[in-house]
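For reference, the structure is listed below as structure tokens.
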Amino acid sequence: MALSPLNQRRWRNFKANRRAFWSLWIFLMLFGLSLVAEFLANEKPILVSYRGSLYMPIFKFYPETAFGGDFQTEAVYREPEVRCLIVTGGREECFDDPSGVMEEAKAGTVAGEAVEKGWMIWPPIPYRYNTINNVGTAPSAPDADHWLGTDDTSRDVLARIIYGFRLSIVFTLIVTSISSVIGIAAGAVQGYFGGWVDLTFQRLLEIWGSTPGLYVIIILFAILGRSFGLLVFVTILFGWPALVGVVRAEFLRARNFEYVRAARALGVSDRTIMFRHILPNAMVATLTFMPFIVTGAIGGLAALDYLGYGLPSNLPSLGELALQGKSNLQAPWLGFSAFFTFAIMLSLLVFIFEGVRDAFDPRKTFQ
């Protein structure tokens, strides 16, 4: 679909900001990779070949009995016995000496008999964010097996960063979009109508702004328990007033402009005037403030996780990784991993919104 002349000018303005343009592509690449995190970091193989049939464990549950084992529980593909069963086609000898049987299978026979070899395709990182690898001490330093080391519970740090990055961005997108819609609508109504509507909303905002949000979060989590949905709801509940003041000021300034008076005289509806004529002119100030909302949502989530009032413990958390870095000073890779993850993520987002601000600014035109 072709862009309108106005949107084409905005796109040219955005591309003219090279820092914003390249930050957008880098961010999209990182976020796109995080969306397929199951293919990058997983304790299950992507594809398994067993006796001529193909299996995709990352999408479907397969019991150990499907590969010649004894249990109806899900196969633990990292176990030597399960690997041996898959490679040798379900040989019973795997339970006696899996390493020795696999060595024989490489030669094509087990106990003098030919075997039908199976295989597994593993992700680049054979660990999920909650996989506990009880080998050696924890936390362990980076090595060939764990590229960024492990945390104090022997979980792979890089896997937790990939999943935690995705969760943080999804959380931020949901909170920012919903909060912005509510805040822009409330500010537009206040600024456009003014009078008693504006005074009533302002008094309500003053009361709501004085509510201690952290205490409310602690109380709700103590009663209802921690969950991703509840955290999104509470963050939106206290985050939507952030844009009200900016949008209200722009509408108060523009409500008496000549083109608005002319539209009223022609019988144009208030909603059309507000959101088709005034709001586009108020978007520059709104988008200027948007990076603070985005970074505030990410920082707020990290702070709550750091304090223990954020995401449930079974979810990957960048704030919890920062807490581990503070608690394990003898393992500097934890603190460095958390710091550089936040620094790169927040810098890219700020640069992108700088370009978006330039794109919507009617005073800026780049060739």
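Here the structure is a predicted model, which means the values were calculated and not measured.
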Exercise for the section: Compare all side-chain heavy atoms of I352 with those of F21 and state whether any distance is below 4.5 angstrom. Expected result: no

Handout entry: Exercise: identify the closest heavy-atom pair between A297 and V175
Key = CB-CG1, 4.4 Å

Practice task
For Q202 and Q190, test the side chains for any donor-to-acceptor distance below 3.5 angstrom and give the result as yes or no.
Solution key: yes

Handout entry: Side-chain (E320) to main-chain (S313) donor-acceptor, under 3.5 angstrom
Key = no

Problem - Approximate separation, where rounding is to 0.5 Å, of F353 CZ and L24 CG - result: 10.5 Å

Practice task
Supply the atom-to-atom distance M345 CE to L348 CG, rounded to the nearest 0.5 angstrom.
Solution key: 9.5 Å

Practice task
Give a yes or no on whether W22 atom CH2 has more than 12 heavy-atom contacts from other residues, nucleotides or ligands under 6.0 Å away.
Solution key: no

Problem - Centroid-centroid distance, W208 to F238, less than 6.0 Å - result: yes

Problem - Close side-chain approach of F257 to I278, heavy-atom, < 4.5 Å - result: no

Handout entry: Cluster link F340 to L321, ILVMFWY, side chain under 4.5 Å
Key = no

Handout entry: Hydrophobic cluster membership, V181 vs V294, 4.5 Å side-chain cutoff
Key = no

Exercise for the section: Look at the side chain of N17 and the backbone N and O of N13, then say whether any donor-acceptor pair between them is shorter than 3.5 Å. Expected result: no

Practice task
State whether the number of non-hydrogen atoms from other residues, nucleotides or ligands found under 6.0 Å of R271 atom CZ is greater than 12.
Solution key: no

Exercise for the section: Evaluate the criterion side chain to side chain contact (heavy atoms under 4.5 Å, CB included) for residue pair R83 and M120; output intermediate values, then yes/no. Expected result: CA-CA 8 Å; R83 293 192 182 196; M120 294 183 288; 3.6 Å; yes

Exercise for the section: May I ask you to test the R276-L279 pair for a side-chain heavy-atom distance under 4.5 Å? Expected result: no

Practice task
May I ask you to decide if S177's main-chain N or O and S180's side chain share a donor-acceptor pair within less than 3.5 Å?
Solution key: no

Problem - NZ or CZ of R19 within 45° of F351 ring axis and under 6.0 Å - result: yes

Handout entry: Check: S327 side chain, L323 main-chain N or O, donor-acceptor pair, under 3.5 Å
Key = yes

Practice task
Evaluate whether atom CZ of F336 has more than 12 neighbouring non-hydrogen atoms of other residues, nucleotides or ligands under 6.0 angstrom away.
Solution key: no

Problem - Side chain proximity check, M290 to V356, heavy atoms < 4.5 angstrom - result: no

Practice task
Measure centre to centre between the rings of F289 and F292, then say whether the value is under 6.0 Å.
Solution key: yes

Exercise for the section: Side-chain contact test, heavy atoms from C-beta onward, threshold under 4.5 Å: evaluate it for V244 versus L205 and give yes or no. Expected result: yes

Handout entry: Donor-acceptor pair, side chain of S179 and main chain of T176, under 3.5 angstrom
Key = no

Handout entry: Side-chain donor-acceptor contact under 3.5 Å, T137 with S140
Key = no

Exercise for the section: Can you sort out the partners of R261 under side chain to side chain donor-acceptor pair (under 3.5 Å), two or more places apart, ordered by chain and number? Expected result: none

Practice task
Can you measure from CG (N133) to CD (E43) and round to the nearest 0.5 angstrom?
Solution key: 10.5 Å

Handout entry: Value rounded to 0.5 Å, distance of CD in E81 from CZ in F71
Key = 10.0 Å

Exercise for the section: Determine, step by step, whether L40 and L33 satisfy the side chain to side chain contact (heavy atoms under 4.5 Å, CB included) criterion, reporting the C-alpha distance in whole Å, the side-chain angles of both residues, the deciding distance to 0.1 Å, and the verdict. Expected result: CA-CA 8 Å; L40 299 177; L33 289 175; 4.0 Å; yes

Practice task
Ignoring hydrogens and angles, tell me if any N or O in the side chain of S34 forms a donor-acceptor pair with the backbone of F31 under 3.5 Å.
Solution key: yes

Practice task
Determine, using the 4.5 Å side-chain heavy-atom cutoff (strictly less than), whether I86 and F61 are members of one ILVMFWY cluster.
Solution key: no

Exercise for the section: May I ask you to decide whether E38 forms a salt bridge with R166, counting only side-chain N to carboxylate O separations under 4.0 Å? Expected result: yes

Completion exercise
Result for side-chain contact (heavy atoms from CB on, under 4.5 Å) between H146 and one of L158, I125, V157, D156 points to D156

Problem - Whether D143 side chain and D145 backbone form a donor-acceptor pair below 3.5 Å - result: yes

Exercise for the section: Might you work through the side chain to side chain contact (heavy atoms under 4.5 Å, CB included) test for R10 and D358, ending with a clear yes or no? Expected result: CA-CA 8 Å; R10 289 171 176 171; D358 292 342; over 6 Å; no

Completion exercise
Heavy atoms of P126 and W122 approach each other most closely as CB-CE3, 4.1 Å

Practice task
If you link ILVMFWY side chains whenever their heavy atoms are less than 4.5 Å apart, which other residues fall into the same cluster as F59? By chain and number, please.
Solution key: V36, F39, I46, L47, L54, M56, I58, W119, I121

Handout entry: Distance flag, aromatic centroids of W11 and F14, threshold under 6.0 Å
Key = yes

Completion exercise
Between the CG atom in D270 and the CZ atom in F275, the distance rounded to the nearest 0.5 Å is 10.5 Å

Exercise for the section: In plain terms, say whether K44 and E74 are close enough for a salt bridge, that is, a side-chain N and a carboxylate O under 4.0 Å apart. Expected result: yes

Practice task
Report whether F251 and V197 are members of the same hydrophobic cluster (ILVMFWY, side-chain heavy atoms less than 4.5 Å apart, transitive linking).
Solution key: yes

Handout entry: Candidate pair F27 and I169, rule side chain to side chain contact (heavy atoms under 4.5 Å, CB included), full reasoning
Key = CA-CA 10 Å; F27 176 80; I169 297 301; 3.7 Å; yes

Handout entry: Ionic contact status for E354 with R357, cut-off 4.0 Å
Key = no

Handout entry: Check: Y55 and K60 side chains under 4.5 Å, non-hydrogen atoms
Key = no

Handout entry: salt bridge (charged side-chain N to carboxylate O under 4.0 Å, His left out) partners of D151, counting only residues at least two apart
Key = R155, R160

Practice task
Please indicate whether Y215 has more than 12 foreign heavy atoms, meaning atoms of other residues, nucleotides or ligands, lying under 6.0 Å from its OH.
Solution key: no

Practice task
Return yes if some donor-acceptor pair links the side-chain N/O of Y129 with the main-chain N/O of A41 below 3.5 Å, else return no.
Solution key: no

Completion exercise
All heavy atoms of V82 vs all of A75, minimum pair found to be CG1-CB, 4.2 Å

Practice task
Answer whether the closest heavy-atom distance between the side chains of P139 and W333 falls below 4.5 Å.
Solution key: yes

Problem - Heavy-atom closest pair, residues V247 and A188 - result: CG1-N, 3.6 Å

Problem - L237-V216 co-clustered via ILVMFWY side chain contacts under 4.5 Å - result: yes

Handout entry: Atom CZ of R264 with >12 non-hydrogen neighbours under 6.0 angstrom
Key = yes

Practice task
Report, as yes or no, whether the 6.0 Å neighbourhood of atom OH on Y259 holds more than 12 heavy atoms from other residues, nucleotides or ligands.
Solution key: yes

Exercise for the section: Could you tell me whether the side chain of Y50 and the main chain of F67 form a donor-acceptor pair under 3.5 Å? Expected result: yes

Exercise for the section: Give a yes or no on whether the backbone of L311 and the side-chain of D305 come within a donor-acceptor separation of less than 3.5 Å. Expected result: yes

Problem - Over 12 foreign heavy atoms within 6.0 Å of OH, Y309 - result: no

Completion exercise
Correct closest heavy-atom pair for Y127 and A159 would be O-CB, 3.5 Å

Problem - 4.5 Å side-chain heavy-atom contact, F201 and R248 - result: no

Handout entry: Inter-residue atom distance L224.CG - I219.CD1, 0.5 Å rounding
Key = 11.5 Å

Exercise for the section: Heavy atoms only: give me the nearest V260-A254 pair and the separation to one decimal. Expected result: CG2-O, 3.3 Å

